[in-house]
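Structure first, then comments.
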Amino acid sequence: MAEKRPFDILNSALNNTVVVGLKGGRELRGTMVSYDVHMNIVLEKAEHLENGEVKRGLGTVLVRGDSVVYISPS
Amino acid sequence: MAEKRPFDILNSALNNTVVVGLKGGRELRGTMVSYDVHMNIVLEKAEHLENGEVKRGLGTVLVRGDSVVYISPS
Amino acid sequence: MAEKRPFDILNSALNNTVVVGLKGGRELRGTMVSYDVHMNIVLEKAEHLENGEVKRGLGTVLVRGDSVVYISPS
Amino acid sequence: MAEKRPFDILNSALNNTVVVGLKGGRELRGTMVSYDVHMNIVLEKAEHLENGEVKRGLGTVLVRGDSVVYISPS
Amino acid sequence: MAEKRPFDILNSALNNTVVVGLKGGRELRGTMVSYDVHMNIVLEKAEHLENGEVKRGLGTVLVRGDSVVYISPS
Amino acid sequence: MAEKRPFDILNSALNNTVVVGLKGGRELRGTMVSYDVHMNIVLEKAEHLENGEVKRGLGTVLVRGDSVVYISPS
Amino acid sequence: MAEKRPFDILNSALNNTVVVGLKGGRELRGTMVSYDVHMNIVLEKAEHLENGEVKRGLGTVLVRGDSVVYISPS
């Protein structure tokens, strides 16, 4: 098993901007203020992205972990 | 693990308006009056949204947690 | 955790008309005569709805819980 | 919890005709001769339906429970 | 619970031709030479069917149980 | 339960060419060099197939078991 | 069971370039710097691919294991 573990990057991304890819192809971008072992995460100042462009604001949002495809700190 | 936990925002959103994104792309908006650890939630005065516009009223609705993609307090 | 729990509305909806949203977008409407912890439910006098209009009668129907997106008492 | 339980209607539908709705929208109709707690069921004289019309015969068929959306006794 | 159980028909179909419906709508036909409790099955002389017509041969094939929608002995 | 078990064909297919059908309809072909109880498998000299024709080379590839629909030794 | 195990190739691919196929057909390419038993992986210098061509950069990305279809070291 690798010494660095995948969840380590969530911890270091706390309070920073992340892009979250969802099942079905949608993307959200916002400031990640919490997460848990299921990859449930809370974003603040979240926005829907479409092809990388902002489409619509969402504000604070709890994203259910099993809908997450990827999380990318910026 | 983060000190703030994702479910904390559900508790603070109780009895307030939330937008719930569902698998398949549908959105509901309503007053969240209860939830549980599976993210099963009950909305009152719920409405179907389409592109952020109200499409149809639903009244009270129990949403099954595993259909939830995100929950956004307003 | 909320004091009112999501399943409470199922109990109070027993023997009343509910609309059930299914994965894939279909909706059923009927009288809910039983349910269990998996959200398996039985509707009597059930009908398929399409855009809120009755499309076809089904009679009595057992709906598998993991196909349920939402249940809305009327 | 309701006193009548959802699976009760499976027991009373044994050896009778049922319509089974499957994930993806297909429907089968046939005589239900057995079932188990996972909603695996066996139909005899089964037929594929399309919009409620018979499309093709299947004979005896074991339907995997996790593909079932609903079961409707006729 | 029914006295005949759904898996009984798998046992009696061993070494006989079956049609297997898969998630997504594909069908395979072949001689079922083994199966297990997860509905993993092995077909020999298997063929892809399309609308009930043979489309392409596959030879021996292990089908993963959770992709199975139905199994129909012929 | 059948005496031959489905996984037996994986063992006898080790180091031979197999075609792997994936959820969503894609197919891979390659030399299967390892597998485990979850049907995670490793193919070497793997290629994407489309309608049975080679579309693109992949080299070595680990395929996640829960994406596998079928595995067919050639 | 095979003596070489599927996860062995993840260990030998650490700090090397991999292509990751995701459910829904998307592909990512990047340097794999960590993984765990759920196939959660972290890629650095990650890029979205479309038909094997680079479409958009992502930087560092945590990919949720249950969205992974395959991982191919290059």
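Chain identifiers are assigned alphabetically (A, B, ...) following the order of the sequence lines, protein sequences preceding nucleic acid strands; residue numbering begins at 1 within each chain. Predicted model, so just to flag it, every value in this text is computed and none were measured.
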Item checked: Interchain contact, A:Leu22 with chain B, by part (heavy-atom threshold 4.5 Å) -> side chain
Checklist line | Lys/Arg N to Asp/Glu carboxylate O, A:Arg56 vs B:Glu27, below 4.0 Å | finding: yes
Note to self: Closer than 3.5 angstrom, by distance alone: can the side chain of A:Thr60 be matched with the main-chain N or O of B:Pro73 as a donor-acceptor pair?
What the structure shows: no
Check: Are A:His48 and B:Tyr70 close enough that their ring centres sit under 6.0 Å apart?
Finding: yes
Next item on the list: Mind ranking A:Val68, A:Ile41, A:Val63, A:Leu10 by heavy-atom pairs under 4.5 Å with chain B and telling me who comes out on top?
Entry: A:Val63
Check: Looking at A:Leu28, A:Leu62, A:Val61, which has the largest count of heavy-atom pairs under 4.5 Å with chain B?
Finding: A:Leu62
Note to self: Using modelled atom types and a 3.5 Å cut-off, is there a donor and acceptor pairing between side-chain atoms of A:Arg64 and backbone atoms of B:Ser67?
What the structure shows: no
Note to self: Taking side chain as everything from C-beta outward and backbone as N, CA, C, O, which of these in A:Asn40 sits under 4.5 Å from a heavy atom of chain B? Side chain, backbone, both or neither.
What the structure shows: both
Note to self: Are B:Met39 and A:Asp66 packed together at the side-chain level, in the sense that at least one heavy-atom pair is separated by less than 4.5 angstrom?
What the structure shows: no
Check: Roughly how far apart are B:Ile71 CD1 and A:Leu58 CG, rounded to 0.5 Å?
Finding: 12.5 Å
